[in-house]
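Heavy-atom basis, side chains included; hydrogens, waters and symmetry copies ignored. Just so we're on the same page: letters track the sequence lines, and every chain starts at 1.
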There are 4 protein chains.
Amino acid sequence: MNSTRRPRRSDTRQRIQDVALELFAEQGYDKTSLREIAERLGVTKAALYYHFRTKEDILIGLYEDLTRPMDELIAWAREQPATLETKKEILRRYGDQLRDSAPMFRFFQENQAALRELTIGVDVKARMVTMGELMQGENPSLADRMRCLSALFIMHAGVFSLRHVEADPEDKRRAALEVAIELVAAAHTEPPH
Amino acid sequence: MNSTRRPRRSDTRQRIQDVALELFAEQGYDKTSLREIAERLGVTKAALYYHFRTKEDILIGLYEDLTRPMDELIAWAREQPATLETKKEILRRYGDQLRDSAPMFRFFQENQAALRELTIGVDVKARMVTMGELMQGENPSLADRMRCLSALFIMHAGVFSLRHVEADPEDKRRAALEVAIELVAAAHTEPPH
Amino acid sequence: MNSTRRPRRSDTRQRIQDVALELFAEQGYDKTSLREIAERLGVTKAALYYHFRTKEDILIGLYEDLTRPMDELIAWAREQPATLETKKEILRRYGDQLRDSAPMFRFFQENQAALRELTIGVDVKARMVTMGELMQGENPSLADRMRCLSALFIMHAGVFSLRHVEADPEDKRRAALEVAIELVAAAHTEPPH
Amino acid sequence: MNSTRRPRRSDTRQRIQDVALELFAEQGYDKTSLREIAERLGVTKAALYYHFRTKEDILIGLYEDLTRPMDELIAWAREQPATLETKKEILRRYGDQLRDSAPMFRFFQENQAALRELTIGVDVKARMVTMGELMQGENPSLADRMRCLSALFIMHAGVFSLRHVEADPEDKRRAALEVAIELVAAAHTEPPH
DNA sequence: AATGAATGAGGCTTCATTCAT
DNA sequence: GATGAATGAAGCCTCATTCAT
């Protein structure tokens with residue numbers, strides 16, 4: 001009887017971020033104006049500036065929401081033994097993130113050019129590369145590197161690029177995971193113990 | 001008489017397209033203004049309008065340069081028997097296109113959001129999907145569809161996403177092709193004769 | 001009981017005025033925003049509105065601090081006989097004010113255009129003119145009027161415009177006073193007794 | 001039958017500068033918006049941007065118009081022998097400039113604070129100081145420096161600060177020149193030949 | 001005595017586009 | 001084959017100010 005009362009401690013900030021993501025994902029970052037965001041929210045543009053210093057700042061908030069879990073996953077992965085089972089688990093967890101933050105992932109993927117020149121280095125791909133490396137063994141061949149990186153790309157494809165395929169999203173996700181695991185397994189060599 | 005029969009559409013037209021691609025790829029479509037293009041070319045903005053009706057028209061020219069070979073490859077592929085050898089050849093040819101038009105591919109990949117709302121449907125991905133389908137057998141499983149589509153993604157990755165890997169670009173390309181073929185092969189079943 | 005009888009208008013009020021003067025003098029009136037003042041003070045903008053009705057009100061406070069002593073000096077001067085000794089004393093006292101309120105004088109001098117259209121007539125120059133007149137004799141020649149007015153300008157110059165001259169500020173002030181007195185003396189004719 | 005035909009080679013550029021000076025002088029630089037300038041000219045804001053890159057650029061044009069003659073005068077003065085007659089001539093010429101560019105001088109004087117932070121160092125006062133130095137002898141006393149600098153201030157005062165005095169502007173100018181010459185003469189010592 | 005949240009007005013600037021020459 | 005001049009729409013952002021708490 002408090003938490004749902006009325007706009008608490010800036011519920012607005014969150015709403016701005018939600019609407020922004022929605023529009024950014026729909027139309028692209030550059031094509032989305034603050035006017036639109038404000039209108040859809042029923043506030044004035046100036047209100048946005050009370051909560052965020054710039055348009056870019058809104059984006060940065062979203063970016064951090066996306067990369068925080070990725071970075072946590074990376075940190076966790078670094079502490080695990082480089083077994084195949086670990087790698088599978090990484091892929092599984094990555095798949096979960098992908099599912100939970102699909103619109104955000106899609107947005108960052110489709111707006112790479114628009115985001116490149118931002119003051120903060122928005123670089124989701126760098127994290128994918130890092131993750132790919134976590135799945136390689138020692139001195140991997142070029143082909144193995146490709147396999148590991150591709151495993152991740154495939155999982156993205158499973159969520160975004162099979163939209164035209166009529167099938168249960170969960171099934172697609174699982175199929176992607178399956179292929180990804182195949183690839184990582186092919187590149188795997190048991191670490192020296 | 002010139003090297004080509006009809007008075008080839010002025011040289012400037014081509015130069016505009018070249019510079020435009022350069023800038024579009026560098027900074028993104030939305031962030032690149034006609035002023036910039038004109039400046040880098042040493043002409044006025046108005047001059048651009050002599051050669052192209054709109055900014056979008058410049059893009060369309062580029063789009064056609066990219067899709068013409070793709071469409072030709074697709075047409076060719078449709079006429080071939082669906083053997084594994086055919087599929088390998090498709091991948092090889094696709095790889096060549098990817099190499100020859102790398103900046104263009106990259107541009108369309110990184111600007112998906114910006115291009116989505118254009119009056120012409122700029123849809124490179126649709127062609128990738130079509131190509132993926134050409135590599136599937138009859139009634140493919142979800143996983144096989146994934147494999148075939150991913151084969152193509154991997155080839156992109158080989159050109160664009162391994163920039164951080166110090167290695168000969170040709171080697172990377174070959175490694176990508178190798179993995180792509182693996183995937184397509186895994187999904188392949190000899191067609192009924 | 002406090003050091004002053006009535007509960008002195010809160011300390012914050014004074015601090016606002018101090019900070020405002022500092023910033024107004026540094027950057028100009030128009031370029032200084034209430035946000036900046038509030039930030040440097042560590043309070044919110046809204047707090048300023050508890051103490052002042054408008055931005056202009058802050059300025060008016062400063063203006064009064066500046067003109068009160070000037071007006072007192074003018075009033076005092078009017079009651080004295082128009083002897084040369086009186087005039088010297090006026091210059092001396094004016095010099096003291098100039099020294100004690102240097103930032104304020106400078107601010108009003110450098111922001112004349114910005115302050116011109118304010119609802120209260122901010123007119124420091126009018127007071128200088130009045131003072132200049134107090135130093136003229138009866139029916140002064142144009143040149144004598146110039147001399148008297150200039151005497152005052154020179155004293156300003158002694159404080160503000162010789163910043164590039166490395167010398168003790170007090171010395172500069174004294175030199176300015178000396179020249180000012182010369183000028184007033186040159187314009188002086190002993191009043192009829 | 002050509003020079004007065006119709007808007008020649010960008011007559012507009014000059015008109016923008018004229019109107020801008022008018023408004024800048026009237027209301028101050030900060031308070032004058034490009035909208036106002038455009039409106040008074042009967043063009044759109046965007047038209048201003050065809051002729052000037054920024055608002056500041058308009059100002060810089062005016063600034064250069066003001067300082068070019070000052071710098072020429074300074075250069076000329078440096079080549080003359082430092083006789084009293086030379087100094088008088090400098091003051092005379094300075095007076096002419098002051099008369100011819102009165103609005104501009106006034107504007108830069110009354111907007112010092114607003115102009116201080118511009119990217120180009122708008123510094124008219126520095127030139128006055130330089131001129132003052134040209135009128136000093138060797139090793140001038142502080143008081144003599146004051147006299148020479150003040151001579152220039154007085155001439156400004158003669159043009160701007162005696163507006164309340166009903167008298168022919170030319171007479172005022174002459175009176176100011178007279179007093180200025182007095183001061184410079186008092187500071188003068190014949191240079192060693 | 002002061003804050004958090006918001007507004008309306010308006011600022012400067014950039015853009016794609018047009019058109020007479 | 002191209003320029004010079006201009007426009008209308010829109011963008012991001014900042015400001016002084018208000019008001020409920």
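With pairs defined as Watson-Crick or G-U wobble and both atom distances under 3.5 Å, the stems of at least three pairs that touch DNA chain F come out as E:2-21 with F:2-21.
With sequence neighbours excluded, no residue forms a side chain to side chain donor-acceptor pair (under 3.5 Å) with B/Lys55. Listed by chain and residue number, B/Glu110 satisfy the side chain to side chain donor-acceptor pair (under 3.5 Å) test with A/Arg116 (two or more places apart in sequence, or in another chain). Partners of B/Ser101 under the side chain to side chain donor-acceptor pair (under 3.5 Å) rule, at least two apart in sequence or in another chain, do not exist in this structure. Applying the ring pair (Phe, Tyr, Trp, His ring centres under 6.0 Å) criterion to A/Phe160, with sequence neighbours excluded, gives A/His156. For C/Asp65, the salt bridge (charged side-chain N to carboxylate O under 4.0 Å, His left out) partners are C/Arg68, not counting sequence neighbours. Legend: residues meeting salt bridge (charged side-chain N to carboxylate O under 4.0 Å, His left out) with A/Glu117, ordered by chain and number and at least two apart, are absent. Applying the side chain to side chain donor-acceptor pair (under 3.5 Å) criterion to D/Lys125, with sequence neighbours excluded, gives D/Gln112. Residues forming a ring pair (Phe, Tyr, Trp, His ring centres under 6.0 Å) with D/Tyr49 (at least two apart in sequence, or on another chain): none. For B/Glu64, there are no salt bridge (charged side-chain N to carboxylate O under 4.0 Å, His left out) partners two or more places apart in sequence or in a different chain.
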Protein-nucleotides 12-16 of chain F N/O pairs under 3.5 Å:
residue	atom	partner	partner atom	Å
F/dC12	OP1	A/Lys55	NZ	3.0
F/dC12	OP2	A/Leu34	N	3.0
F/dC13	OP2	A/Tyr49	OH	2.6
F/dC13	OP2	A/Lys55	N	2.9
F/dC13	O5'	A/Tyr49	OH	3.0
F/dC13	N4	A/Lys45	NZ	3.1
F/dC15	OP2	C/Arg35	NE	3.1
F/dC15	OP2	C/Arg35	NH2	3.0
F/dA16	OP1	C/Lys55	NZ	2.9
F/dA16	OP2	C/Leu34	N	2.9

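Along DNA chain E, the nucleotide closest to C/Thr44 and the one closest to A/Gly42 are compared, and the more 5′ of them pairs with C/Thr44. The nearest heavy atom of DNA chain F to D/Val43 and to B/Val43 marks one nucleotide each, and the one closer to the 5' end goes with B/Val43.
At whole-Å resolution of the value, CG in A/Leu48 and C1' in E/dG8 are 14 Å apart. Summarising the geometry, the separation between CG on A/Asp11 and C1' on E/dG4 is reported as 14 Å, rounded to the nearest angstrom. Here the C1' atom of nucleotide E/dA16 and the CG atom of B/Leu59 are 15 Å apart, to the nearest Å. Note: CG (A/Leu41) to C1' (E/dA6) measures 13 Å, nearest angstrom. Here the C1' atom of nucleotide E/dA6 and the CZ atom of A/Arg13 are 16 Å apart, to the nearest Å. We find that CD of B/Glu39 is positioned 13 Å from P of F/dT3, with the value rounded to whole Å. Rounded to whole Å, the distance from OH on D/Tyr50 to C1' on E/dT18 is 14 Å.
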**OP:** List the steps, then state whether side-chain hydrogen bond (donor to acceptor under 3.5 Å, both in side chains) holds for D/Gln109 with C/Gln109.
**Re:** CA-CA 9 Å; D/Gln109 191 175 116; C/Gln109 189 175 117; over 6 Å; no
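Taking only side-chain nitrogens and oxygens, D/His51 never comes nearer than 4.0 Å to OP1 or OP2 of F/dG4. Listed pair C/Thr12 / E/dA1 fails the phosphate criterion, with no side-chain N or O lying under 4.0 Å from OP1 or OP2.
Exactly one of D/Phe108, D/Phe24, D/Tyr29 qualifies for a ring-ring contact (aromatic ring centres under 6.0 Å, His included) with D/Tyr63. That residue is D/Phe108.
Within residues 19-28 of chain A, no residue has any heavy atom under 4.0 Å from DNA chain E.
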